[in-house]
Amino acid sequence: MTKNIKTGLNRLFPTRLFLAGLLSLFLVHPAAAQTKVTIAIGGGACLCYLPTVLAKQLGEYEKAGLAVELVDLKGGSDALKAVLGGSADVVSGYFDHCVNLAAKKQELQSFVVYDRYPGLVLVVSPKHTGKITSIKDLAGKKVGVSAPGSSTDFFLKYQLKKNGLDPAGTAVIGVGLGATAVAAMEQGQIEAAVMLDPAVTVLQGSHKDLTILSDTRTQKDTLAVFSGEYPGGALYSTTAWVKAHEKEVQGLTNAIMNTLKWIHSHTPEEIMAKMPEGIVGKDKELYLAALKNTLPMYSETGLMDPKGAAAVLAVFSEGSPEVAKANIDVSKTYTNKYVEQFAKTMGTNAK
């Protein structure tokens with residue numbers, strides 16, 4: 001009897017091993033089955049890109065079935081080059097690149113907006129406080145931007161032209177967005193710079209009399225500068241990639257939308273606690289202050305406002321003859337399809 005039981009168990013054992021192995025495939029391999037997507041960021045330490053980084057910290061990409069790799073680059077133009085060159089799939093950067101590239105017959109499309117305002121700030125170097133008091137004083141000066149051809153550069157040229165200056169008469173220097181920009185300003189390597197938080201708040205922490213020539217961190221200031229809404233950070237890619245990877249685009253949209261909802265339902269302290277230590281830096285109080293300044297900038301809907309997109313086109317048409325002559329259909333540079341689908345799905349789940 002005992003012998004028969006042992007024989008039966010031995011016959012069953014290989015089957016049990018097979019079933020255990022099969023089960024492990026389902027339990028262990030979901031991550032391996034995730035689709036890999038590479039996102040190039042135009043300066044990961046910048047608070048304007050926080051939703052993209054935070055989504056990874058919260059595990060939102062994984063929940064959406066994506067294995068996302070974030071590649072941190074010096075500026076938006078470098079992130080754009082990465083996508084156009086094929087080393088990245090998606091840009092986490094400013095929407096205005098989609099409009100600018102349309103004039104060069106390169107089709108780009110944003111699919112979820114996370115910044116309602118650009119958050120760009122034109123600041124005078126502490127070494128030149130009192131010497132430069134207006135944008136007109138920047139004629140012939142050296143002004144820092146994240147990288148030539150980035151949104152910071154576009155903003156500078158727009159402001160110069162708006163104030164009657166020839167942009168070609170101002171030297172543009174790439175200084176990045178974080179600690180390198182702060183160092184360049186404090187050392188007086190440049191007379192002014194277009195910066196974003198937390199760098200602006202960090203600089204203000206050491207220099208209380210810091211001169212700010214233009215600020216787009218709030219709705220009021222953005223309206224004053226652009227005479228309308230002006231969308232900032234978004235996820236975008238080539239129109240061809242978006243069409244060919246709808247599942248991945250929807251997943252990325254869902255991840256960013258869930259992150260935006262999380263941001264607006266948590267305190268600045270809770271948000272900071274989730275961010276990587278290397279990004280927060282040693283001075284947590286200054287980072288927290290900068291984050292509090294930035295929170296109103298983050299979108300609550302993820303949608304592109306058609307009026308905002310039109311404002312971007314109008315600004316570029318003013319500063320670039322190439323854009324003005326291109327007869328761009330700005331509605332093709334963005335889509336709200338995936339954000340609307342997210343809203344429908346959430347509505348269904350809510351019921």
Colleague: So how far is it from Thr294 OG1 to Tyr287 OH, rounded to the nearest 0.5 Å?
Modeller: 8.5 Å
Colleague: Can you name the closest pair of heavy atoms from Met257 and Gly302 and give their distance?
Modeller: SD-CA, 3.7 Å
Colleague: Quick one: do Leu156 and Leu120 satisfy side chain to side chain contact (heavy atoms under 4.5 Å, CB included)? Show the steps, please.
Modeller: CA-CA 10 Å; Leu156 173 62; Leu120 300 160; over 6 Å; no
Colleague: Can you list everything that forms a side chain to side chain donor-acceptor pair (under 3.5 Å) with Ser92? Sequence neighbours excluded, please.
Modeller: Thr52, Tyr114
Colleague: Decide yes or no on side chain to side chain contact (heavy atoms under 4.5 Å, CB included) for Val323 and Asn100, but give the supporting numbers first.
Modeller: CA-CA 7 Å; Val323 173; Asn100 188 44; 3.8 Å; yes
Colleague: Test Lys337 against Glu246 for salt bridge (Lys or Arg N to Asp or Glu O under 4.0 Å), laying out the working first.
Modeller: CA-CA 10 Å; Lys337 169 184 174 181; Glu246 292 207 71; 2.5 Å; yes
Colleague: For Lys157, give me all partners under side chain to side chain donor-acceptor pair (under 3.5 Å), at least two apart in sequence or on another chain.
Modeller: Asp153
Colleague: Given Glu229, which partner from the list Gln219, Arg116, Lys307 fulfils the side chain to side chain donor-acceptor pair (under 3.5 Å) test?
Modeller: Gln219
Colleague: May I ask you to check whether over 12 heavy atoms, not counting those of Asn327, lie within 6.0 Å of atom CG?
Modeller: no
Colleague: What are the two closest non-hydrogen atoms of Ser214 and Val225, and how far apart are they?
Modeller: OG-CG2, 3.5 Å
Colleague: Look only at the side chain of His207 and the backbone of Leu203, and say whether a donor-acceptor pair between them is shorter than 3.5 Å.
Modeller: no
Colleague: Going only through I, L, V, M, F, W and Y residues with side-chain contacts under 4.5 Å, is there a path from Phe111 to Leu70?
Modeller: yes
Colleague: Mind checking whether Val71 and Ile41 have side chains closer than 4.5 Å, heavy atoms only?
Modeller: no
Colleague: Linking I/L/V/M/F/W/Y whenever their side-chain heavy atoms sit closer than 4.5 Å, directly or via other members, would Val315 and Val121 fall into one cluster?
Modeller: no
Colleague: Enter the distance from Gln204:CD to Met195:CE here, rounded to the nearest 0.5 Å.
Modeller: 10.0 Å
Colleague: Quick check on the hydrophobic clustering: are Leu252 and Val53 connected, directly or via other members, by side-chain heavy-atom contacts under 4.5 Å?
Modeller: yes
Colleague: Which atoms form the tightest heavy-atom contact between Pro118 and Thr216, and what is the distance?
Modeller: CG-OG1, 3.4 Å
Colleague: Can you tell me how far apart NE2 (His264) and OG (Ser299) are? Round to the nearest 0.5 Å.
Modeller: 6.5 Å
Colleague: Carefully, step by step, assess Thr335 and Gln109 under the rule side-chain hydrogen bond (donor to acceptor under 3.5 Å, both in side chains).
Modeller: CA-CA 7 Å; Thr335 177; Gln109 192 174 59; 5.0 Å; no
Colleague: Tell me the salt bridge (charged side-chain N to carboxylate O under 4.0 Å, His left out) pairs involving residues 194-204, sequence neighbours left out?
Modeller: Asp197-Arg217
Colleague: Rounded to the nearest 0.5 Å, what's the gap from OH on Tyr117 to CG on Asp215? Could you check?
Modeller: 12.5 Å
Colleague: What residues, two or more places apart in sequence or in another chain, satisfy salt bridge (charged side-chain N to carboxylate O under 4.0 Å, His left out) together with Lys325?
Modeller: none
Colleague: For Ala255, is there any backbone N or O sitting under 3.5 Å from a side-chain donor or acceptor partner on Asn258?
Modeller: no
Colleague: Could you tell me whether the side chain of Leu160 reaches within less than 4.5 Å of the side chain of Lys136, counting heavy atoms only?
Modeller: no
Colleague: Taking C-beta and beyond as the side chain, do Glu62 and Leu66 meet within less than 4.5 Å on heavy atoms?
Modeller: no
Colleague: Keeping the roles fixed (side chain from Ser150, backbone from Ala147), state whether a donor-acceptor pair exists under 3.5 Å.
Modeller: yes
Colleague: Quick one: side chains of residues 270-279, donor-acceptor pairs under 3.5 Å with protein atoms, not counting sequence neighbours, listed by atom name and distance.
Modeller:
from, atom 1, to, atom 2, distance (Å)
Glu270, OE1, Thr267, N, 2.9
Glu270, OE1, Thr267, OG1, 3.3

Colleague: Starting from Val83 and following side-chain heavy-atom contacts under 4.5 Å between hydrophobic residues (I, L, V, M, F, W, Y), which residues can be reached?
Modeller: Leu80, Leu84, Val91, Leu101, Leu108, Tyr236
Colleague: List the atom of Tyr49, the atom of Gly42, and the distance in Å for their closest heavy-atom pair.
Modeller: CE1-O, 3.2 Å
Colleague: Set out, in order, the CA-CA distance, both residues' side-chain angles and the distance that settles side chain to side chain contact (heavy atoms under 4.5 Å, CB included) for Lys247 and Gln250, then state yes or no.
Modeller: CA-CA 5 Å; Lys247 183 180 176 183; Gln250 189 64 63; 5.9 Å; no
Colleague: Are Val182 and Ile190 linked, directly or through intermediate hydrophobic residues, by side-chain heavy-atom contacts shorter than 4.5 Å (ILVMFWY only)?
Modeller: yes
Colleague: Using salt bridge (charged side-chain N to carboxylate O under 4.0 Å, His left out) as the criterion, list what pairs up with Lys63, not counting sequence neighbours.
Modeller: Glu60
Colleague: Tell me the closest heavy-atom pair linking Ser151 and Tyr94, and the distance in Å.
Modeller: OG-CB, 2.9 Å
Colleague: How many angstroms lie between CG in Asp89 and OG1 in Thr38, if you round to the nearest 0.5 Å?
Modeller: 5.0 Å
Colleague: Tell me whether Tyr298 is reachable from Tyr230 by hopping between hydrophobic residues (I, L, V, M, F, W, Y) whose side-chain heavy atoms are closer than 4.5 Å.
Modeller: yes
Colleague: Quick one: does Leu47's side chain get under 4.5 Å of Thr201's, heavy atoms only?
Modeller: no
Colleague: Using a cut-off of 6.0 Å, state whether more than 12 heavy atoms not belonging to Glu107 lie near its atom CD.
Modeller: no
Colleague: Does Leu303 offer a backbone N or O that forms a donor-acceptor pair with the side chain of Asn336 under 3.5 Å?
Modeller: no
Colleague: Kindly compute the distance separating NZ (Lys332) from SG (Cys98), expressed to the nearest 0.5 Å.
Modeller: 14.5 Å
Colleague: Does Lys243 have any salt bridge (charged side-chain N to carboxylate O under 4.0 Å, His left out) partners at least two apart in sequence or in another chain, and if so, which?
Modeller: none
Colleague: Would the distance check show the side chain of His245 and the main-chain N or O of Ala240 forming a donor-acceptor pair, the cut-off being under 3.5 Å?
Modeller: no
Colleague: Phe154 vs Phe316 aromatic rings, parallel, tilted or perpendicular, using cut-offs 30° and 60°?
Modeller: perpendicular
Colleague: List the residues meeting side chain to side chain donor-acceptor pair (under 3.5 Å) with Lys104, not counting sequence neighbours, and say none if there are none.
Modeller: Glu322
Colleague: Using side chain to side chain contact (heavy atoms under 4.5 Å, CB included), reason through Val145 and Phe155 one step at a time and then give a plain yes or no.
Modeller: CA-CA 9 Å; Val145 297; Phe155 179 70; over 6 Å; no
Colleague: Tell me if a side-chain donor or acceptor on Asp115 pairs with a main-chain N or O of Gly232 at a distance below 3.5 Å.
Modeller: no
Colleague: Side-chain polar contacts of residues 122-132 - donor-acceptor pairs under 3.5 angstrom, sequence neighbours left out - could you list them?
Modeller:
from, atom 1, to, atom 2, distance (Å)
Ser125, OG, Lys127, N, 3.2
Ser125, OG, Met185, O, 2.7
Thr129, OG1, Pro126, O, 3.2

Colleague: Taking salt bridge (charged side-chain N to carboxylate O under 4.0 Å, His left out) as the test, write out the residues that go with Glu69, two or more places apart.
Modeller: Lys36
Colleague: Throw together a table of side-chain donor-acceptor distances under 3.5 angstrom for residues 165-180, partners on residues two or more places apart or in other chains.
Modeller:
from, atom 1, to, atom 2, distance (Å)
Asp166, OD1, Ala168, N, 3.0
Thr170, OG1, Leu138, O, 3.2
Thr180, OG1, Val175, O, 2.6

